[in-house]
Amino acid sequence: MDVILVVQVFGNAGILLGYISNYAFSKLRLNLGWRMMLGVGAIPSVLLAFGVLAMPESPRWLIMQGRLGDAKVVLARTSDSKEEAALRLIDIKGAASIPDECNEDVVKVTKRSTGEGVWRDLLVHPTPSVRHILICAVGIHFFQQASGIDAVVLYSPRIFEKVGITSSDKKLLATIAVGFVKTMFILVATFLLDRVGRRPLLLSSVGGMIVSLASLGMCLTIIDHSHTKLMWAVVMCIVSVLSYVAVFSIGMGPITWVYSSEIFPLRLRAQGCAIGVGMNRVTSGVLSMTFISLYKAITIGGAFFLFMGIACVAWVFFYTLMPETQGHTLEEMGQFFGKYTQWRSVARESEMQKNKVVVNGDGDSGEGQLEK
């Protein structure tokens, strides 16, 4: 989870740097400025390409290939202590159906553990639990993009132009403000995610997005139908854009990636996450390419009212179908999925069992002390 949040932080920081560099290059003459804006993006790409060469394989994947020795090395490098590395190794070996007593550097694994038949188990003949997990993963990725984040981030200069900000410098500065807010609130999310939990943060985030989109749609519609410049509506539009990216970055943005990486069983994880990411990118591409046509057809205010409606559906979807995953390992997730809307009863039973174990443990400890 920490790695996923780091990726989110650096990704948004990169977007912010892109906005700042665009503003700087806009001061150059036109035929050079746009070339610099595009060309400078090659620098981090080259650095990333070299960085990937030094990146180790996932310990889960190594264990599924029977390469326990290599997995132990990676776990030792990525764990806080030897004890944590040993516990993670035991959990992953159990999920891969490798006996605990197998400690050789290379072991033979079953066909089921190596990933054969994964697509069949994921798409053709999934268990109720796997089907529920897949619906949640695809759904959260779809709603993340369909609720309009790319329309706000990519087309914010058009939004600001619509509200009366016509200066190129001012539009670029307003865009930098969008990137700055998005990056700062991703940092806030890194502190809240484990303290608050996935569900409360996600539902609060989507609720804030609904309010911001409603405000933005209403103000843009008022401006569209007004013949004079309404300063209060202009200010409300800017505030709505900034509040939208802020609440998105606190919850919906990072939790989509964290949640979908936590819920799949080990054997199905790579392919399941790939399906979710595919949905994410396809939805993003469709939205990015059709937004201008959409707002010309139903007005720019109508487009954001549409995104608000999609966000409302998303809130109901998340509240109804998606259980909390905080505090549970990848290998424990299966028990919370498969009953769709009845997952709460399973969660309550699990919590009661944990409390009973704690109470019994305290009772045994106290009893021993009394006998002493």
Going by the rule side chain to side chain donor-acceptor pair (under 3.5 Å), which residues pair with S167 if we only count those two or more places apart in sequence or in a different chain? none
Can you run down the ring pair (Phe, Tyr, Trp, His ring centres under 6.0 Å) pairs that involve residues 68-108, sequence neighbours left out, and say none if there aren't any? none
Could you tell me which residues satisfy ring-ring contact (aromatic ring centres under 6.0 Å, His included) with [X], sequence neighbours excluded, listed by chain and number?
X: Y295; value: F291
X: F317; value: F143
X: F160; value: none
X: Y319; value: W315

Sequence neighbours excluded and cut-off under 3.5 Å, please list the side-chain donor-acceptor pairs for residues 132-140, or say none.
| from | atom 1 | to | atom 2 | distance (Å) |
| --- | --- | --- | --- | --- |
| H132 | ND1 | G338 | N | 3.0 |
| H132 | NE2 | L321 | O | 2.8 |

Just jot down the side-chain contact (heavy atoms from CB on, under 4.5 Å) partners of E57, sequence neighbours excluded, or say none. W61, L62
Run the side-chain donor-acceptor check on residues 207-224: report pairs under 3.5 Å with partners two or more places apart or on a different chain.
| from | atom 1 | to | atom 2 | distance (Å) |
| --- | --- | --- | --- | --- |
| S212 | OG | G208 | O | 3.0 |
| S212 | OG | S243 | OG | 2.9 |
| S215 | OG | S240 | OG | 2.7 |
| T221 | OG1 | G217 | O | 2.7 |

Does anything in [range] form a side-chain hydrogen bond (donor to acceptor under 3.5 Å, both in side chains)? List the pairs, not counting sequence neighbours.
range: residues 282-294; answer: D150-S284
range: residues 296-308; answer: none
range: residues 20-31; answer: K27-D169, R29-N31

